[in-house]
Amino acid sequence: MKKILTMVSFIMAISMGMAQEKRAIVPPLKASEPFPESTLSSKRMMVLDAGPARTEQINYAHDVKYATHSGMDLHLQIIAPSAINGATLPCIIFIPGSAWMKQNVYNSVFRMAKFTEKGYVVVLVEYRPSSVAPFPAQVQDAKTAVRYMRKNAAKYKIDEKNIFVWGDSSGGHTALFVGLTQDMPDLDMPDYNEFSAGVNATVDYYGPTDISQMAYRPSTMDHTLPDSPEGLLIGKKNVLESPAEAGKANPIAYIKNGKKVAPILIMHGSKDRLVPFEQSVLLADALDSHHYTYEFYKLPGADHGSFEFWTEKTFDTVDAFLKENMAK
């Protein structure tokens, strides 16, 4: 019996050796060569179609310095699909809200990366906080960021004819100014002024639009005192006692007859604790009375920055609005 087993083992060893001898070694392929797909199978193997690429497949250029204002280096977070294949893509300039104070721009990277799936390059803008520079510093910085991206359109593979601005809360306020106040030197900086700061459309998520009216609606925050976000924005002044300064910091004040302005999309929650819903009603009514192009969506029950603003449905609405306003 022992001899039989030994013989069987010997035969198997020879067979395996012969099989190995028949397998040809494949030399490493060049990166430029087409790579073959394996046709091998296994008894219990299943095939899974993984579907299209998701946001994990992105390029992230972090802390890209775009300007130095008031002695402060300002940075961009730039996220893009990893496989652009030589094409240029539309660009979203996103301004995160922070009550005009120091922003945490990194908090918005993940949620805004969803738009790389929809074929956009997304740029998150850091602006000077009100503790460093009051209004209009934030608007000036945002316009500088738009110009910087146009200057570097080839580097980041963006379509300079299709740039949009979007912001939430104080970022929405700033985004509105970018869209409403083109060609106003006192609300701009000289950086890259050979390039346009123009945008195709503006998206305003629950941004303040008339800070002198905020105290007259329910809120969990004071909006009038010198140390309130709005008071700090206008130079540590009481909002209701400083109508001239407050008026200059209101996007609504720049809505004029006969002005050609990029279309505006407004979204606001009906239970916003920080920026009263009325702020968007005031904006929409002013736009309507001056015959501007806009869309206004109320999100029932939504709070300030709550999940309703970041769902697939709301993102699809924003995407459709941007696509409607793309230059061909």
Side-chain angles (χ1 to χ4, degrees), residues 69-72 74 95-103 125-144 165 167-189 197 202 204-257 259 261 264 266 268 272-287 289-290 292 304-305:
H69 294 161
S70 304
M72 178 180 175
L74 301 170
I95 309 167
S98 63
W100 303 285
M101 299 177 189
K102 183 173 175 57
Q103 300 152 291
V125 179
E126 175 188 27
Y127 57 45
R128 283 171 287 172
S130 57
S131 59
V132 172
F135 178 86
Q138 300 73 26
V139 178
Q140 294 168 335
D141 295 345
K143 289 181 179 179
T144 300
V165 64
D168 71 318
S169 193
S170 61
H173 169 273
T174 304
L176 287 168
F177 265 99
V178 173
L180 288 168
T181 64
Q182 294 295 311
D183 303 318
M184 295 187 67
D186 57 332
L187 296 179
D188 213 332
M189 298 288 273
T202 300
D204 163 35
Y205 266 20
Y206 44 87
T209 63
D210 186 342
I211 62 175
S212 64
Q213 300 298 316
M214 296 178 75
Y216 300 111
R217 294 290 176 178
S219 176
T220 58
M221 178 181 287
D222 181 88
H223 297 289
T224 61
L225 296 177
D227 62 352
S228 70
E230 291 73 22
L232 292 171
L233 177 69
I234 61 173
K236 298 182 180 179
K237 297 179 180 179
N238 185 295
V239 172
L240 299 182
E241 295 173 2
S242 309
E245 291 84 353
K248 291 177 182 178
N250 290 333
I252 283 180
Y254 299 85
I255 299 173
K256 307 290 185 181
N257 281 329
K259 285 185 67 176
V261 172
I264 297 172
I266 310 164
H268 209 135
D272 194 313
R273 300 164 190 257
L274 297 182
V275 177
F277 181 73
E278 182 191 43
Q279 290 289 296
S280 287
V281 173
L282 292 171
L283 173 64
D285 287 350
L287 293 172
S289 66
H290 289 82
Y292 282 48
H304 196 77

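Just so you know, these numbers use all the heavy atoms, side chains as well, and skip hydrogens, waters and symmetry mates. No experiment lies behind these values; they were computed from the predicted model shown.
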Looking at [X] and [Y], what are the two nearest heavy atoms and their distance?
X      : Y      : value
His268 : Pro276 : CE1-O, 3.4 Å
Asp168 : Gly97  : OD1-N, 2.8 Å
Leu180 : Lys259 : O-NZ, 2.7 Å
Pro226 : Asn238 : CG-N, 3.8 Å
Lys256 : His290 : C-CD2, 3.8 Å
Ile211 : Ile234 : CD1-CG2, 4.1 Å

Hey, is the main chain of [Y] close enough, under 3.5 Å, to the side chain of [X] for a donor-acceptor pair?
X      : Y      : value
Ser170 : Trp100 : yes
His223 : Val275 : no
Ser242 : Glu245 : no
Asp210 : Ser212 : yes
Gln103 : Pro96  : yes
Gln138 : Ala133 : yes
Tyr254 : Lys248 : yes
Gln182 : Val178 : yes
Ser70  : Val132 : no
Asp141 : Arg128 : yes

Measuring from atom [atom1] of [X] to atom [atom2] of [Y], what distance do you get when rounded to the nearest 0.5 angstrom?
X      : Y      : atom1 : atom2 : result
Leu176 : Ile252 : CG    : CD1   : 9.0 Å
Leu240 : Met214 : CG    : CE    : 11.5 Å
Leu282 : Phe277 : CG    : CZ    : 10.5 Å
Phe135 : Ser130 : CZ    : OG    : 12.5 Å
Asn250 : Gln213 : CG    : CD    : 8.5 Å
Tyr206 : Leu274 : OH    : CG    : 10.0 Å

Heavy-atom check, side chain of [X] versus side chain of [Y], under 4.5 Å:
X      : Y      : result
Met221 : Pro229 : yes
Tyr292 : Leu283 : no
His173 : Asp204 : no
Gln279 : Asp272 : no

Run the numbers on Tyr127 and Leu74 for side-chain contact (heavy atoms from CB on, under 4.5 Å), then give the verdict. CA-CA 7 Å; Tyr127 57 45; Leu74 301 170; 5.7 Å; no

CA sep, side-chain torsions, deciding dist, call: Thr224, Glu230, side-chain contact (heavy atoms from CB on, under 4.5 Å): CA-CA 7 Å; Thr224 61; Glu230 291 73 22; over 6 Å; no

Polar side chain donor-acceptor pair, Thr181 to Lys143, under 3.5 angstrom: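 A pair is found: one side chain offers a donor N or O, the other an acceptor, under 3.5 Å apart.
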
Taking atom types as modelled, find out whether His304 and Ser169 have a side-chain donor-acceptor pair closer than 3.5 angstrom.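 Distance-only check passes for His304 and Ser169.
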
For the CG atom on Asp183, are there more than 12 heavy atoms of other groups (residues, nucleotides or ligands in this structure) within a distance under 6.0 Å? no

